[in-house]
Structures are given as C-alpha cells and as structure tokens.
Protein chains: 2
Amino acid sequence: MPQAKNDLFDEDLQELAQLYKALAHPARLQILKFLASRDACFCGDITEVVPLGRTTVNQHLTELKKAGLIQGTTRGAKTNYCLNQQGVDKLNTHGLSFCNSLQSKSCESSNC
Amino acid sequence: MPQAKNDLFDEDLQELAQLYKALAHPARLQILKFLASRDACFCGDITEVVPLGRTTVNQHLTELKKAGLIQGTTRGAKTNYCLNQQGVDKLNTHGLSFCNSLQSKSCESSNC
DNA sequence: AATGATTGACGTAAAAGTACGTCGATATGA
DNA sequence: TCATATCGACGTACTTTTACGTCAATCATT
C-alpha cells in the first residue's frame, strides 16, 4: 500500500483496511478456514491443501501473522500454525460494526 | 491480483476475497461510510471529504462500483452515487458466515 | 557424523494497485 | 453562445503484491 498517503485517514479506517487486506486473497481465506477446521492446531501440510508453491504459501502465512490473525510456534523442524483468536475477535468486532454502519440509509429516494 | 492463479481456488473464496479487496483501502471505507451517512444519496462532494485527488477518488469509486457495493447514476453534469444495498447485504451475509466459520476451534490444546 | 526433511530468509520477475495530470464530453449559467 | 464546472477515460510513474526459485539453518533419522 502507499503507506505515505494512508496516514491521511482515520486510524480506525486504516486499521480496518489493513485487516481486510489480509483477507483479500483466496489463498489466505482458505488457510484461515483450514486452520479453523483443525481441532488440533496442526500445520505444515497447509502447503498440500493450497494450490500454490510452498514459498508462496509461507509468504501468505507471514502476511496473516503480521495481521494478527494467526500465530505460529516452531517446535523442532516443524512449525505449528493456528488461529489467533484475539485477531479473529477483532475482525468480528470491527468488521461487524462497520458493516452495521452501512445498513442505515439506502436509496429510498428516487435519486438513484 | 494475479488473476491467473486465483482460478485455482473455490469460487466462494474468490468472490469473498474480491469483496474484501474492495474494502482493503481506507479511502474506500471512508467513501462507503460517507455514503451511508447521507439520507439522500447525494454525491460529488465525496472528493471534498476524501484527502486525495479527484481522479484518484474517482478511481476508488470505480472500484467500489465494480465490486457492486455502490451504484451511480449520472444526471446532468453531476453524478449521484449511493450504496448498493444488494452488495452490502452480500458483504454482510458472506462475511458473517466466513467469520463464524473461524470461531470454531481455538488453540485449546497446548500446541501453540 | 551424514542424509534427508522442514521451514524461514532472501532475491527477483511479473502483475496489480495507487495516485495524479491531462483531455474531451456534457451540461449549467451568465 | 461562451465560459465554467463536473466527471469519466486515458496515460503514466511509482509502489506493492504475488509467485516462485534458491539458499541456509535446524532438526530427526540413520
């Protein structure tokens, strides 16, 4: 993102946009869903599920971690990734409140 | 986006990612909020609210229209933009169901 | 110790996004 | 009619994202 210009906006909007950006790729959505479907936060085979190269998947994982939506702990040679419930909660809270703010006035007048 | 590779994913995920991408910029979030705050779907002065050049704002408006979140009708020299309630509903429905799908298993085990 | 597997870090090429200037078309008002 | 204003279309410079190959470090296994 053109970081420079983003500073002109409300922090709330910046933060929310940042969250949405983390979700703006099908691979990342798939990863999140996959992690949610696992009762144990087992990982590493994410690579086998996502139809992309290993390094690319890793890059998406890094993005998600940076966004605070997942967390990963390395033990031994393998790394365990799992959802960061805090981040998911944040997404729910902020996202919902934004969506609700859009519910208000629709085009009841004849203008559009 | 690398459109080519996106076809490898579920249509649902692609569509949702597309929606989120439309929200992945503070200017676009601000525009949506602004439109929602207007009882009449009056516009054109969006440019005055968003701290960016006119052409850039217009570009963001085009993005939002492409995503189906707003609609615009030109009358005379001016153009009226307003929320597309259908698109907003879609965002609410799909977005919520996705977020809910993330609620499930957190890291209750000691792995992470 | 040596081999193989896992994974993050780094580099890079191609694609997409961002921001803006300019132009032309249309329309409002003097 | 002429000047002015609005706005979409187009071009463009710059940044970011995406996708992947390669490398090095770490660990498990032999």
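Residue numbers start from 1 in every chain, and the chains themselves are labelled A, B, ... in the order their sequence lines are given, proteins ahead of strands. In what follows, every heavy atom counts, from backbone to side chain, and hydrogens, waters and symmetry copies are set aside.
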Closest non-hydrogen atom pair between [X] and [Y], with its separation:
X: A/Val50; Y: A/Ala27; answer: CG1-CB, 4.2 Å
X: A/Lys5; Y: B/Leu52; answer: CD-CD2, 4.1 Å
X: B/Leu69; Y: B/Leu23; answer: CD1-CD2, 3.9 Å

Starting at atom [atom1] of [X], determine the distance to atom [atom2] of [N], rounded to an integer number of angstrom.
X: B/Gln14; N: D/dT18; atom1: CD; atom2: P; answer: 14 Å
X: A/Ile31; N: D/dT18; atom1: CD1; atom2: C1'; answer: 13 Å
X: A/Ile46; N: C/dT7; atom1: CD1; atom2: P; answer: 9 Å
X: B/Leu29; N: C/dT18; atom1: CG; atom2: P; answer: 11 Å
X: B/Lys78; N: D/dT6; atom1: NZ; atom2: P; answer: 6 Å
X: B/Asn6; N: C/dA15; atom1: CG; atom2: P; answer: 14 Å
X: B/Lys21; N: D/dT16; atom1: NZ; atom2: P; answer: 17 Å
X: A/Leu8; N: C/dA19; atom1: CG; atom2: C1'; answer: 12 Å

A/Lys65: side-chain contact (heavy atoms from CB on, under 4.5 Å) partners, not counting sequence neighbours: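 Testing A/Lys65 for side-chain contact (heavy atoms from CB on, under 4.5 Å), a comparison that skips the adjacent residues, returns A/Ile70, A/Tyr81.
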
Non-neighbouring partners of B/Glu63 that pass side-chain contact (heavy atoms from CB on, under 4.5 Å), sequence neighbours left out: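 In terms of side-chain contact (heavy atoms from CB on, under 4.5 Å), with neighbours along the sequence ignored, B/Glu63 is linked to B/Arg28, B/Lys66.
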
Along DNA chain C (nearest heavy atom to each residue), the more 5'-positioned of A/Lys65 and B/Glu63: A/Lys65

Which residue lies more 5' along DNA chain C, comparing A/Asp45 with A/Phe9 via nearest heavy atoms: A/Asp45

Using OP1 and OP2 only, check whether a side-chain N or O of [X] sits under 4.0 Å from [N].
X: A/Lys5; N: C/dC20; answer: yes
X: A/Thr79; N: C/dG8; answer: yes
X: A/Tyr81; N: C/dG8; answer: yes

All pairs passing side-chain hydrogen bond (donor to acceptor under 3.5 Å, both in side chains) where residues 42-56 of chain A contributes a residue, at least two apart: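 Applying side-chain hydrogen bond (donor to acceptor under 3.5 Å, both in side chains) to every pair that reaches into residues 42-56 of chain A, excluding sequence neighbours, yields nothing.
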
Which side-chain N or O atoms in residues 88-99 of chain A pair as donor and acceptor under 3.5 Å with protein atoms at least two apart or in another chain?
| from | atom 1 | to | atom 2 | distance (Å) |
| --- | --- | --- | --- | --- |
| A/Lys90 | NZ | A/Glu15 | OE2 | 2.8 |
| A/Asn92 | ND2 | A/Val88 | O | 3.0 |
| A/Thr93 | OG1 | A/Asp89 | O | 2.8 |
| A/Ser97 | OG | A/His94 | O | 3.3 |

Check: A/Leu13 main-chain N/O paired with B/Gln30 side-chain donor or acceptor under 3.5 Å: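 Here the side-chain-to-backbone pair does not exist.
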
Separation of A/Gln71 CD from A/Asn84 CG (nearest 0.5 Å): 4.5 Å

Members of residues 48-61 of chain A that approach DNA chain D, where some heavy atom sits under 4.0 Å away: A/Leu52, A/Gly53, A/Arg54, A/Thr55, A/Thr56, A/Gln59, A/His60

Heavy-atom protein contacts under 4.0 Å, nucleotides 24-30 of chain D, coded B base, S sugar-phosphate only, - none: ---S---

